[in-house]
Amino acid sequence: MRVCKFGGTSMADGESIRKVMEIVRRDASRKYVVVSAPGKRNKADIKITDALYACFSALDGGDFDEKFSAIYRRFCDICDDLGLNIDISAILDGVREDILNAHSRDFTASRGEYLSAVILAAALDVPFVDTAGLIAFSNDGELLLEDSLTRLRAALSKADRAVLPGFYGALPNGEIKTFSRGGSDISGAIVASAVGADVYENWTDVDGFLSADPRIVRSPKLIECLSYDELRELAYMGAEVLHPEAIFPVRRAGIPINIKNTFHPSAAGTVIVPNVRHMGGKNVIAGIAGRKGFSIINIQKEMMNSEIGFARRVLSVLEEEGVSFEHMPSGIDALSVIVRDEYLEGKLPSLIASLWRATKADGIDVQSGLSLIATVGHNMTSRQGTAAKIFKALAEKHINIRMIDQGSSELNIIVGVDSFDYEKAINAIYSEFSVD
Ligand code: ADP
Ligand code: ASP
Ligand code: MG
């Protein structure tokens, strides 16, 4: 049995939803379907989730009704196009009332997935099962995986087939809580794990996981098979075909993921398997991914290396300030911490002041404009020359490397470059390995 998740582009309009219906109907083992809110129909379009966030911002004194009416029209058009026999106007009026009453950002955003699932359930004539009472979050907003699995198992044991909305669940008091953006991938993975699916199919708008971001590298190679660990590294580092947290529920249950293209269903896609021993292929690297938007905090102090507890003091300050760090390269008299810019917003001055106090450093400076690029692949393990190839590729393009980190798993090599070199650097590394 399979669990399928269809992303925003697959649910964008009547035409794409007909493709979704065809895919679901073609194989009787596709019993449980999780959907995203309608996404963009073209580059200039707006995702329903973004339109709903804008509605929420307009709730207090803004043009809420004007913004909501665009969403209203979009769902009516979808139902018209599909010739659906449901009273979508009444449903949308109800949703509008609920948004006004709830006055909650997460509730408002969740209505995209809710409506998408109601519509697909009607179109397929399959029961709609709401995830609100099934995907459970703690009062702190953490996913309660075991609870969610138990609840989903109980609910779905009564439904041979179901369409479920992605992206949200509820807090203990019943209030709707969403995952972070792209979170329907996580909902699909939880459902797959709950029902013990043979495979979790994640349907999107590309033929599978590509060895680099297709918006940066022209026609990157398709990756046929990836391990969960490789996927986690690539997704975390920016290849957001799949939400990085979608891996955990299925990995625990040993369920493979198949990334598939709704608009080219005959393509095999990418299969993600739990164990690296399943891997074939001779390519040295699986893929390259990266992100912009990091800063380096450099801390210098003479004799730092012999000062016991120095790193702990630095890390305590980060913890107190609620700042998560990505890497911490160190030298004899210097230690650097690499953090996402979003963590520094509004707290950089107090963070730096606390670091001065805690470390009594000789110097602290912050450099922004850093991008990180990860070159990932199990086949790099124990193979000589991979790092050399990356550095050669960057040197030939005169790209300065500002940081290097290789994890002890040898699964990836991460380099930091200036953000203005980011696209150039990804292309340089890609071409170096694409000749393998
Ligand atoms: P969905 O709405 O179906 O969840 P997403 O937009 O979240 O789809 O993810 C698919 C998109 O991810 C692709 O259209 C592509 O532009 C982008 N992408 C970024 N990196 C990669 C990669 N390495 N391989 C494939 N797609 C990638
Ligand atoms: N609709 C949500 C978003 O745009 C969740 C998802 O598509 O996975 O982020
Ligand atoms: Mg997505």
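Numbering of ligands and ligand atoms starts at 1, following listing order. If you're wondering where the values come from, they're calculated on a predicted model, not measured in any experiment. Quick note: numbers below take in every heavy atom, side chains included, and nothing from hydrogens, waters or symmetry partners.
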Asker: Any idea which protein heavy atom is nearest atom 4 (O) of ligand 1, and the distance to it?
Answerer: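 The answer is Lys5 NZ, 3.1 Å.
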Asker: Starting from atom 7 (O) of ligand 2, what is the nearest protein heavy atom, named by residue and atom, and what distance separates them?
Answerer: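 Of the protein heavy atoms, Ser36 OG, 3.1 Å lies nearest.
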Asker: When the aromatic ring centroids of Phe179 and Phe137 are compared, is their separation below 6.0 Å?
Answerer: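 Yes, the ring of Phe179 comes within the 6.0 Å limit of the ring of Phe137, centre to centre.
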Asker: Can you name the atoms of ligand 2, numbered from 1 with element, that are less than 4.0 Å from a heavy atom of Glu113?
Answerer: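 Once the distances to Glu113 are compared, the set is 1 (N), 2 (C), 5 (C), 6 (C), 7 (O).
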Asker: With a heavy-atom distance limit of 4.0 Å, tell me whether Ala289 approaches ligand 1 through its side chain, its backbone, both, or neither.
Answerer: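 Under 4.0 Å from ligand 1, Ala289 contributes no heavy atoms.
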Asker: State plainly whether the residues Glu201 and Arg30 are in salt-bridge range, i.e. N to O under 4.0 Å.
Answerer: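 Between Arg30 and Glu201 there is a salt bridge, with a charged N closer than 4.0 Å to a carboxylate O.
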Asker: Is there a heavy atom in Ser36 that sits closer than 4.0 Å to ligand 1?
Answerer: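 Contact check Ser36 vs ligand 1: negative.
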Asker: In this structure, which one of Asp418, Asp421, Leu372 forms a side chain to side chain contact (heavy atoms under 4.5 Å, CB included) with Arg402?
Answerer: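 Result for side chain to side chain contact (heavy atoms under 4.5 Å, CB included) with Arg402: Asp418.
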Asker: Identify, by atom number and element, the atoms of ligand 2 in contact range of Arg181, meaning under 4.0 Å from any of its heavy atoms.
Answerer: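 So the atoms of ligand 2 that pass are 3 (C), 4 (O), 9 (O).
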Asker: Mind telling me whether Trp203 and Phe6 have parallel, tilted or perpendicular rings, with 30° and 60° as the class edges?
Answerer: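 The rings of Phe6 and Trp203 lie parallel, inter-plane angle below 30°.
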Asker: Which heavy atom of the protein is the closest neighbour of atom 13 (C) of ligand 1, given with residue, atom name and distance?
Answerer: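 Answer for atom 13 (C) of ligand 1: Asp205 OD1, 3.5 Å.
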Asker: Could you check whether the rings of Tyr72 and Phe68 sit parallel, tilted or perpendicular, using 30° and 60° as the cut-offs?
Answerer: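 Perpendicular: the ring planes of Tyr72 and Phe68 meet at over 60°.
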Asker: May I ask whether Gly7 places a heavy atom under 4.0 Å from ligand 2?
Answerer: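 In this structure, Gly7 fails to qualify as a contact of ligand 2 - no heavy atom is under 4.0 Å.
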